[in-house]
Amino acid sequence: MSNKAFSPTPLTLHPSTAKISEVFRSIQGEGPYAGVPQVFIRFFGCHMHCSWCDTPDSIGDGKRVYKEYTLPQLVRTVGPLAKDCHSVSLTGGEPLLQADFIKLLIPHLKKMGSKIYLETSGVLFKELKKVVGGVDIVAMDLKLPSSTRCRPFWEEHAEFLKIAKRKDCFIKTVISGETTREDVVRAARLVSAVAPRTFFVLQPNTFDLHNGAVGKCRDFQTVCLKYLSDVRILPQLHKFMKVR
Ligand code: SF4
């Protein structure tokens with residue numbers, strides 16, 4: 001597959017509306033903020049095709065399950081849900097495909113007193129630049145080609161991290177039964193070169209827990225600790241609790 005940088009097509013023709021798969025309140029299930037209450041705004045559409053995608057209805061292949069929201073409609077929906085929440089998670093799909101809308105949305109969420117938690121594939125660095133000023137926490141994926149079965153995104157991830165590291169940023173990489181040590185070493189070196197103090201999560205693929213992913217995480221943690229100071233193995237908490 002081609003390794004050239006690519007330009008994804010933004011999903012909103014006019015930034016005053018957005019395609020949203022769902023808005024709901026739950027707990028964060030991944031990474032260092034696991035367990036905090038959040039409002040999730042799941043943006044529709046994704047430019048990736050990860051083999052283990054757990055939100056297939058939001059990626060835009062086949063079924064098109066979304067509702068079009070204007071800015072005031074979305075703010076009115078989020079408002080009552082956000083009371084006493086830790087933050088609002090902008091998730092997907094890939095939220096940054098709708099970065100122009102997010103740029104308009106963030107000030108309204110801030111006015112409610114919400115922190116902004118961005119969950120992203122960690123590739124669309126030009127789009128991140130548009131919104132990063134208003135984002136508090138960046139939950140950045142690092143996509144390993146042997147896990148996703150997509151092309152590598154090393155250069156895009158490095159550019160993305162250079163911007164994201166200005167914020168409270170952590171990295172999550174999904175480890176499947178197929179993930180290679182070579183990819184994990186390359187990822188750890190990449191992070192070490194750009195932002196070596198970044199909190200780094202090895203997340204066993206929930207579908208592969210009994211298929212070698214946990215054992216691989218333990219091996220890869222030792223490998224990653226040669227390059228990075230804080231490497232944790234953390235599963236998806238919400239999947240164990242059977243909540244979305
Ligand atoms: S980046 Fe996320 S939403 Fe997109 S295909 Fe991968 S897992 Fe699914």
Side-chain angles (χ1 to χ4, degrees), residues 1-2 5-12 18-24 26 28-31 33-34 38 40-67 89-99 101-102 117-128 131 135 137-161 164 169-179 183-184 187 190 201-209 211 213 217 234-239 244:
M1 210 177 272
S2 164
F6 73 127
S7 303
T9 312
L11 278 173
T12 34
K19 292 180 170 64
I20 304 291
S21 298
E22 54 182 345
V23 181
F24 61 100
S26 187
Q28 176 55 238
E30 298 181 349
Y33 291 91
Q38 286 186 325
F40 293 81
I41 304 176
R42 188 178 304 290
F43 285 80
F44 175 81
C46 189
H47 58 118
M48 310 282 284
H49 293 87
C50 306
S51 59
W52 33 260
C53 182
D54 59 358
T55 57
D57 289 348
S58 69
I59 68 172
D61 286 352
K63 277 199 288 180
R64 300 183 75 76
V65 185
Y66 64 80
K67 182 176 165 188
S89 170
L90 309 178
T91 187
E94 171 52 72
L96 288 176
L97 287 176
Q98 303 187 66
F101 179 88
I102 287 174
Y117 182 106
L118 175 68
E119 299 195 67
T120 167
S121 59
V123 168
L124 305 179
F125 57 91
K126 289 180 189 157
E127 286 73 13
L128 177 65
V131 303
V135 171
I137 301 159
V138 182
M140 172 186 168
D141 274 13
L142 206 155
K143 303 289 189 185
L144 306 179
S146 55
S147 299
T148 60
R149 297 192 213 126
C150 297
R151 75 160 175 88
F153 290 94
W154 305 117
E155 288 163 26
E156 290 92 339
H157 282 317
E159 292 305 313
F160 196 98
L161 184 56
C169 170
F170 73 91
I171 290 177
K172 174 198 87 188
T173 192
V174 173
I175 304 299
S176 73
E178 308 294 316
T179 306
D183 275 0
V184 173
L190 183 157
V201 177
L202 298 165
Q203 181 176 286
N205 179 4
T206 303
F207 305 117
D208 268 354
L209 287 180
N211 194 23
C217 281
L234 295 171
Q236 289 181 298
L237 179 70
H238 58 298
K239 292 286 168 66
R244 63 178 172 161

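Side chains included, hydrogens not; waters and symmetry mates left out as well; all remaining heavy atoms used. Order of listing sets the numbers, starting from 1, for every ligand and every atom in it. Just so it is clear, the model here is predicted, and its values are computed rather than measured.
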Among protein heavy atoms, which sits nearest to atom 4 (Fe) of ligand 1, and what does the distance come to when rounded to 0.1 Å?
Cys46 SG, 2.3 Å

Is Asp183 reaching over with its side chain to a backbone N or O of Ser146, donor-acceptor style, under 3.5 angstrom?
yes

Atom 2 (Fe) of ligand 1: which protein heavy atom is closest, and how many Å away?
Lys143 NZ, 4.1 Å

Which class fits the ring pair Phe153 and His47: parallel under 30°, tilted 30 to 60°, perpendicular over 60°?
perpendicular

Have a look at ligand 1 and work out which part of Thr55, if any, has a heavy atom under 4.0 Å from it: side chain, backbone, both or neither.
side chain

Write out the residue and atom name of the closest protein heavy atom to atom 6 (Fe) of ligand 1, then the distance separating them to 0.1 Å.
Cys50 SG, 2.4 Å

Metal proximity, His49 vs atom 4 (Fe) of ligand 1, N/O/S cut-off 2.8 Å
no

Quick check against the 3.5 Å criterion: does His157 have a side-chain atom that pairs as donor or acceptor with the backbone of Lys143?
yes

Using a 4.0 Å heavy-atom threshold (strictly under), name the region of Glu94 that reaches ligand 1: side chain, backbone, both or neither.
neither

How far apart are the C-alpha atoms of Glu156 and Arg151, what are their side-chain angles, what is the distance that settles it, and do they pass the salt bridge (charged side-chain N to carboxylate O under 4.0 Å, His left out) test?
CA-CA 12 Å; Glu156 290 92 339; Arg151 75 160 175 88; 3.1 Å; yes

Which label fits Phe170 and Tyr117: parallel for a plane angle under 30°, tilted from 30 to 60°, or perpendicular past 60°?
tilted

Counting from 1 in the order shown, the ligand 1 atoms closer than 4.0 Å to a non-hydrogen atom of Trp52 are 7 (S)

Say whether Thr179 and Ser147, considering side chains only, have a donor N or O and an acceptor N or O under 3.5 Å apart.
yes

Can you tell me which residue and heavy atom of the protein come closest to atom 8 (Fe) of ligand 1, and the distance to 0.1 Å?
Cys53 SG, 2.3 Å

